[in-house]
*Asks:* 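Just dropping this structure here.
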Amino acid sequence: MKIAVCVSHVPDTETKVKIGSDGKTIDTSGVNYILNPYDEFAVEEALKIREKDGGEVVAVSLGEDANKETLRKALAMGIDKAVLLKDEHERDSYAVAKGIAEYLKSYEPDLIFVGKQSIDYDNLQVGGLIAEFLGLPSVSVAVKLEYADGKLKAEREIEGAHEHVEVTLPCVVAAQRGLNEPRYPSLKGIMQAKKKPIEEIEAAQAESRVKVLGMKKPPEKQPGKIVGEGVDAVPELVRLLREEAKVI
Ligand SMILES: Cc1cc2nc3c(=O)[nH]c(=O)nc-3n(C[C@H](O)[C@H](O)[C@H](O)COP(=O)(O)OP(=O)(O)OC[C@H]3O[C@@H](n4cnc5c(N)ncnc54)[C@H](O)[C@@H]3O)c2cc1C
């Protein structure tokens, strides 16, 4: 089984995002980058399938040289091969997915994993677009997978229920939190990952269709209001909820 996992290089969740001087991009100075948390579930699931059924897992990341750091984390977790699809230029989700799909056409994986979303720009589009470009079925928000006889049974997390679906391979699966418990890289894995080569390929060109016009911070939260204490405060609280907040 050939499995490809798409991994995104994203700012650490602790990052206090600052908008760059151009007003359109994030100021990346001092930002610590990590392997996108949803992609950790994707890597883990790919490794579990390989451990059970054999095969190869390749991690693919499209972006700048710095993405190698994230590919090394995937190598340390235990993937077999890492590929950087190089491009220094800004791309929208369409162009990111197109670049990845062009590479996957030559790799011909049986299974493609993505994370549910990339926590940098939160577009939730790349997995579906890759599936469309490759003409493959796609399963989103997967929380449980069972693979047998060339078919994949998946449980999807939907509002108030879990939906059970079945797809034939090859297909694209987007990993949701709960799919598994990602392993920590072992010290041996970290040391080995430092020496493993990362294949570098120029990403296939693709024109972005969405242009970022600007970014701005959401309005500051209003400070909380203490209306009193105990039961005496209830009438005033109800009045404020009704007349000011207009929620009741
Ligand atoms: C060099 C570069 C600079 C960029 N600069 C900007 C910018 O300044 N402003 C802006 O708005 N956008 C920018 N983008 C676009 C933005 O980073 C992409 O949209 C992002 O890569 C994917 O985020 P998303 O929200 O579209 O992904 P989602 O659709 O939410 O991601 C879902 C899944 O797709 C996979 N995936 C997503 N991205 C990648 C990737 N790059 N490589 C491998 N797998 C991936 C992961 O598995 C991820 O979990 C830039 C992109 C690049 C490559």
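Both ligands and their constituent atoms are indexed starting at 1 by order of listing. In what follows, every heavy atom counts, from backbone to side chain, and hydrogens, waters and symmetry copies are set aside.
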*Asks:* Of the choices Leu62, Thr28, Asp39, Ile112, which has the non-hydrogen atom that lies closest to atom 46 (C) of ligand 1?
*Replies:* Asp39
*Asks:* Take Arg72 and Leu75, measure what side chain to side chain contact (heavy atoms under 4.5 Å, CB included) needs, and give me the verdict at the end.
*Replies:* CA-CA 5 Å; Arg72 292 222 183 274; Leu75 281 167; 4.2 Å; yes
*Asks:* Can an N or O of Gly115 be found at a distance shorter than 3.5 Å from an N or O of ligand 1?
*Replies:* yes
*Asks:* With only distance considered, is Phe113 within less than 3.5 Å of ligand 1 through an N or O on each side?
*Replies:*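 By distance alone, the answer is no.
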*Asks:* What is the ring orientation for Phe133 with Tyr94, classed by angle as parallel under 30°, tilted 30 to 60°, or perpendicular over 60°?
*Replies:*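 Aromatic pair Phe133/Tyr94 classed perpendicular.
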*Asks:* Under a 4.0 angstrom heavy-atom cut-off, which atoms of ligand 1 come close to Asp122?
*Replies:*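 Contacts of ligand 1 toward Asp122, numbered from 1: 25 (O).
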*Asks:* For atom 1 (C) of ligand 1, what's the nearest protein heavy atom and its distance?
*Replies:* His89 O, 3.2 Å
*Asks:* If the threshold is 4.0 Å, N to carboxylate O, is there a salt bridge linking Glu102 and Lys105?
*Replies:* yes
*Asks:* Are any of the N/O atoms in Asn123 less than 3.5 Å from those in ligand 1?
*Replies:*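 Yes, Asn123 has an N/O under 3.5 Å of an N/O on ligand 1.
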*Asks:* Which atoms of ligand 1 sit under 4.0 Å from any heavy atom of Gln125?
*Replies:*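 Checking each atom against Gln125, I get 28 (P), 29 (O).
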*Asks:* Considering only non-hydrogen protein atoms, determine which one is nearest to atom 47 (O) of ligand 1 and report residue, atom name and distance to 0.1 Å.
*Replies:* Cys6 O, 2.7 Å
*Asks:* Taking the minimum heavy-atom distance to atom 5 (N) of ligand 1, which of Glu88, Lys211, Lys86, Glu90 ranks first?
*Replies:* Glu90
*Asks:* Of the listed options (Gly127, Ala95, Ser140, Ser118), which comes nearest to atom 22 (C) of ligand 1 when hydrogens are ignored and any heavy atom counts?
*Replies:* Ser118
*Asks:* Do any nitrogen or oxygen atoms of Lys116 come within less than 3.5 Å of a nitrogen or oxygen of ligand 1?
*Replies:* no
*Asks:* I want to check something: taking the side chain as every heavy atom from C-beta on, are Thr70 and Tyr33 in contact at a cut-off of under 4.5 Å?
*Replies:* no
*Asks:* If I apply the N/O under 3.5 Å rule, does Arg91 come out as touching ligand 1?
*Replies:* yes
*Asks:* For ligand 1, which atoms sit closer than 4.0 Å to a heavy atom of Val60?
*Replies:*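 By the 4.0 Å cutoff, the relevant atoms are 43 (C).
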*Asks:* Which residue from Ala175, Ala59, Ser93, Ser61 reaches closest to atom 19 (O) of ligand 1 through any of its heavy atoms?
*Replies:* Ser93
*Asks:* Are any non-hydrogen side-chain atoms of Asp39 and Val10 less than 4.5 angstrom apart?
*Replies:* no
*Asks:* Going by side-chain heavy atoms closer than 4.5 Å, which hydrophobic residues are tied to Val234, directly or by a chain of links?
*Replies:*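 Once heavy-atom contacts under 4.5 Å are chained together, Val234 belongs with Val227, Leu237, Val238, Leu240, Leu241, Val247, Ile248.
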*Asks:* Does a salt bridge link Glu56 with Lys81, judged by any charged N lying under 4.0 Å from a carboxylate O?
*Replies:*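 Result for this pair is no, no salt bridge flagged.
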*Asks:* Given the rule in the side chain to side chain contact (heavy atoms under 4.5 Å, CB included) test, do Lys73 and Val43 qualify, once you have shown the distances and angles that lead to the verdict?
*Replies:* CA-CA 10 Å; Lys73 169 89 189 281; Val43 172; over 6 Å; no
*Asks:* Ignoring hydrogens, just give me the one of Val96, Val43, Asp22, Ile100 whose non-hydrogen atom is nearest atom 21 (O) of ligand 1.
*Replies:* Val96
*Asks:* Salt bridge or not between Lys153 and Glu146? Use side-chain N to carboxylate O under 4.0 Å.
*Replies:* no
*Asks:* Go through the steps for Glu157 and Arg177 under the test salt bridge (charged side-chain N to carboxylate O under 4.0 Å, His left out), then give the verdict.
*Replies:* CA-CA 10 Å; Glu157 190 178 71; Arg177 187 178 303 282; over 6 Å; no
*Asks:* Can you list the ligand 1 atoms lying under 4.0 Å from a non-hydrogen atom of Thr25?
*Replies:*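 Those qualifying, in numeric order: 8 (O).
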*Asks:* At what distance, to the nearest 0.5 angstrom, does CG of Asp120 lie from CG of Asn36?
*Replies:*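 Rounded to the nearest 0.5 Å, the CG-CG separation comes to 7.0 Å.
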*Asks:* Should Ser61 and Leu85 be marked as a side chain to side chain contact (heavy atoms under 4.5 Å, CB included) after you check the CA-CA gap, both sets of side-chain angles, and the distance that decides it?
*Replies:* CA-CA 6 Å; Ser61 191; Leu85 301 174; over 6 Å; no
*Asks:* Between Lys24 and Glu90 (salt bridge meaning N to carboxylate O under 4.0 Å), is one present in this structure?
*Replies:* no
*Asks:* Which protein non-hydrogen atom lies closest to atom 36 (N) of ligand 1, naming both residue and atom, and how far is it?
*Replies:* Val126 CG1, 3.9 Å
*Asks:* Between Tyr121 and ligand 1, is there a nitrogen or oxygen pair with a distance under 3.5 Å?
*Replies:*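 N/O-N/O distance under 3.5 Å: yes.
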*Asks:* At a 4.0 Å threshold, what atoms of ligand 1 neighbour a non-hydrogen atom of Val212?
*Replies:*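 The atoms of ligand 1 under 4.0 Å from a heavy atom of Val212 are 10 (C), 11 (O).
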*Asks:* Taking 4.0 angstrom as the limit and counting only heavy atoms of Asp87, give me the atoms of ligand 1 inside it, by number and element.
*Replies:* 1 (C)
*Asks:* Heavy-atom contacts with Val7 under 4.0 Å: which atoms of ligand 1 show up? List them by number with element.
*Replies:*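 So the answer, numbered in order with elements, is 42 (N), 43 (C), 44 (N).
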*Asks:* Quick one: do the Tyr147 and Glu45 side chains pair a donor with an acceptor below 3.5 Å?
*Replies:* no
*Asks:* Relative to ligand 1, is Leu85 under 4.0 angstrom through side chain, backbone, both or neither, heavy atoms considered?
*Replies:*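 It is neither; nothing of Leu85 touches ligand 1.
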*Asks:* Could you list which atoms of ligand 1 come closer than 4.0 Å to a heavy atom of Asn36?
*Replies:*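 Checking each atom against Asn36, I get 48 (C), 49 (O).
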